[in-house]
Amino acid sequence: MTRPRKLPALLLAAVLTASLAGCAGKGTAANGSNGTLAVFAAASLKSSFTDIAERFEARHPGIAVALSFAGSADLAAQISQGAPADVFASADARNMAKLQDAGLLDGEARNFATNTLAIAVPPGNPAGINSFADLANSGTRLVACARQVPCGAAAASVAEKTGITLRPVSEENSVTDVLGKVISGEADAGLVYATDVRSAGGRVDSVPFPEAAGAVNAYPVAALAGGGNIAAARDFVDFVSGPEGQEILAAAGFGPGAT
Amino acid sequence: MTGHQAYTGIPRWLYGLAALAALVVVLPLAAMAARVNWANFLPLVTSEPALAALGLSLRTSVASAGLCVVLGVPLAVVLARGRFPLSGLLRSLVLLPLVLPPVVGGIALLYTFGRQGLLGGTLEVLGLRIAFSTTAVILAQTFVALPFLVVSLEGALRTGGQRYEAVAATLGASPGTVFRRVTVPLVLPGLASGAVLSFARSLGEFGATLTFAGSLQGVTRTLPLEIYLQRETDPDAAVALSLVLVAVAVAVVALAYRRPARPAGNKATTRPTAAAGPGGGVT
């Protein structure tokens, strides 16, 4: 009698422990007081900012950079809700503007990189995509970002300028989701950033298209007024825009951010 | 309504902790409700994308709950009544989606039904494309919701005991007749609550759908995916739609637990009358 009734209880306990374990350890606030610099950066900056942070730490003994990567909109929302961050690097101007309007920035944001769209196809390009117009071929399974996220807005603007109507089979929330669907071979083509193609290594091929130049995405970075380590935050922003930061970003496929 | 007078009191401090536990759930929901932009609530939840997402969610969740019943009833009966080696292992495997992160389920489904997946090639030859289709949404929802039905039903089957089935069998009923005329009616409440719970779980499915089915208005973008997307640009819309989902969830939970709790012993139904001893007895 007691045995079967234990089953749901045990399950529940298992679920609870699992979810609590998942949360533990994440809550350590990374704020300035003890030489920690919390950098919130767009997901597409993951590999380059990891390198930049390492070099920055080498140049600034005593400062540990704590990186947090997510979609720019998520990060902006977290920061405006009081997340302890010293630096914010966004993949678009809109999310930076939100924080600017809320008076959360220390000074002005600075564009430090640009990214252009690229067509990613599975190795060997099975669907034979050779141009932006080919994306509209019937039977081609195109995956793009939704208009609400920066990569989707860029794709929509290229489509508008060229007068080509894209009919994606899926409009994803993030560029990494698009890339994943191309890597797994589910999609015949995906509209991603040039840097994503680079970071995917040989797992996708890239089809360049000249129309991409019409929708270049600028990445702004800024120190945050509410951070506990403003001097170090300003140093970090300078470092990102400086020669060493720019070299790392260029190697990842970003364009220069001079404006 | 039984046992208004408790035999022993509950320690006072338990009330305090219980209130805290209730707050853990209620406070965030209340905080969200407080953020609803009521002036625009109706236009926000009746926008074309919102209605498309709600309609898709309801249709796919009904289909998934149906699939869960069709597949889950035999499974629960086999797990509760069948005698075969490794049944414990099978149960653990079937319940796995309860503890797995849904995104893992999505990846697993992708490698099963995807174009390059285990069955993908065969399906492609048959002209069936699952990825990016509404079918993919239903598969993802069924994957995560099936354990809810199986757990509810297996619990009902086990607490119900096998006395009536044994009696029916001694009276000459075939296993098929016993199943239809005795077993199923006995566990009907458990089956109903299991079906409602699997519907609710399907309605809330997010991770597996996003990973496996993609996101396209009217085809694969269910309400949770729409909320996730709206949050990028229009937090008001996201909050309003969240509230709709909460309302549906409240209705569903109320429906599932309307009966006086989970029947202990033999009170599940009154149809087969027999001397029902307390505690299930030994069969």
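By convention in this document, chain letters (A, B, ...) are assigned in the order of the sequence lines, proteins followed by strands, and residues within each chain are numbered from 1. Because the structure is a prediction, the values reported are computed rather than measured.
The local environment of NZ in A/Lys46 is sparse, with at most 12 non-hydrogen atoms from other residues, nucleotides or ligands closer than 6.0 Å. The environment of CZ in B/Arg35 is sparse: at most 12 heavy-atom neighbours from other residues, nucleotides or ligands sit within 6.0 Å.
Residues from residues 219-239 of chain B that place a non-hydrogen atom less than 4.5 Å from a non-hydrogen atom of chain A comprise B/Arg221, B/Tyr228, B/Leu229, B/Gln230, B/Arg231, B/Glu232, B/Thr233, given in numerical order. At a heavy-atom separation below 4.5 angstrom, chain A is approached by no residue within residues 119-128 of chain B.
With a threshold of 4.5 angstrom between heavy atoms, B/Ser133 does not approach chain A through any atom at all. Contacts between A/Arg141 and chain B at a heavy-atom distance below 4.5 Å involve the side chain alone, from C-beta outward. Residue contact with chain A, scored on non-hydrogen atoms closer than 4.5 Å, is absent for B/Leu157. Only the side chain of A/Asp177 has a heavy atom closer than 4.5 Å to any heavy atom of chain B.
Not a single side-chain hydrogen bond (donor to acceptor under 3.5 Å, both in side chains) links A/Asp196 to another residue, sequence neighbours left out. The side-chain hydrogen bond (donor to acceptor under 3.5 Å, both in side chains) search around A/Tyr219 returns A/Ser44, A/Asn115, not counting sequence neighbours.
A distance-only check finds no donor-acceptor pair linking the side chain of B/Ser215 to the backbone of A/Ser170 [under 3.5 Å].
B/Gln116 and A/Glu186 get closest at one heavy-atom pair: N-OE2, 4.0 Å.
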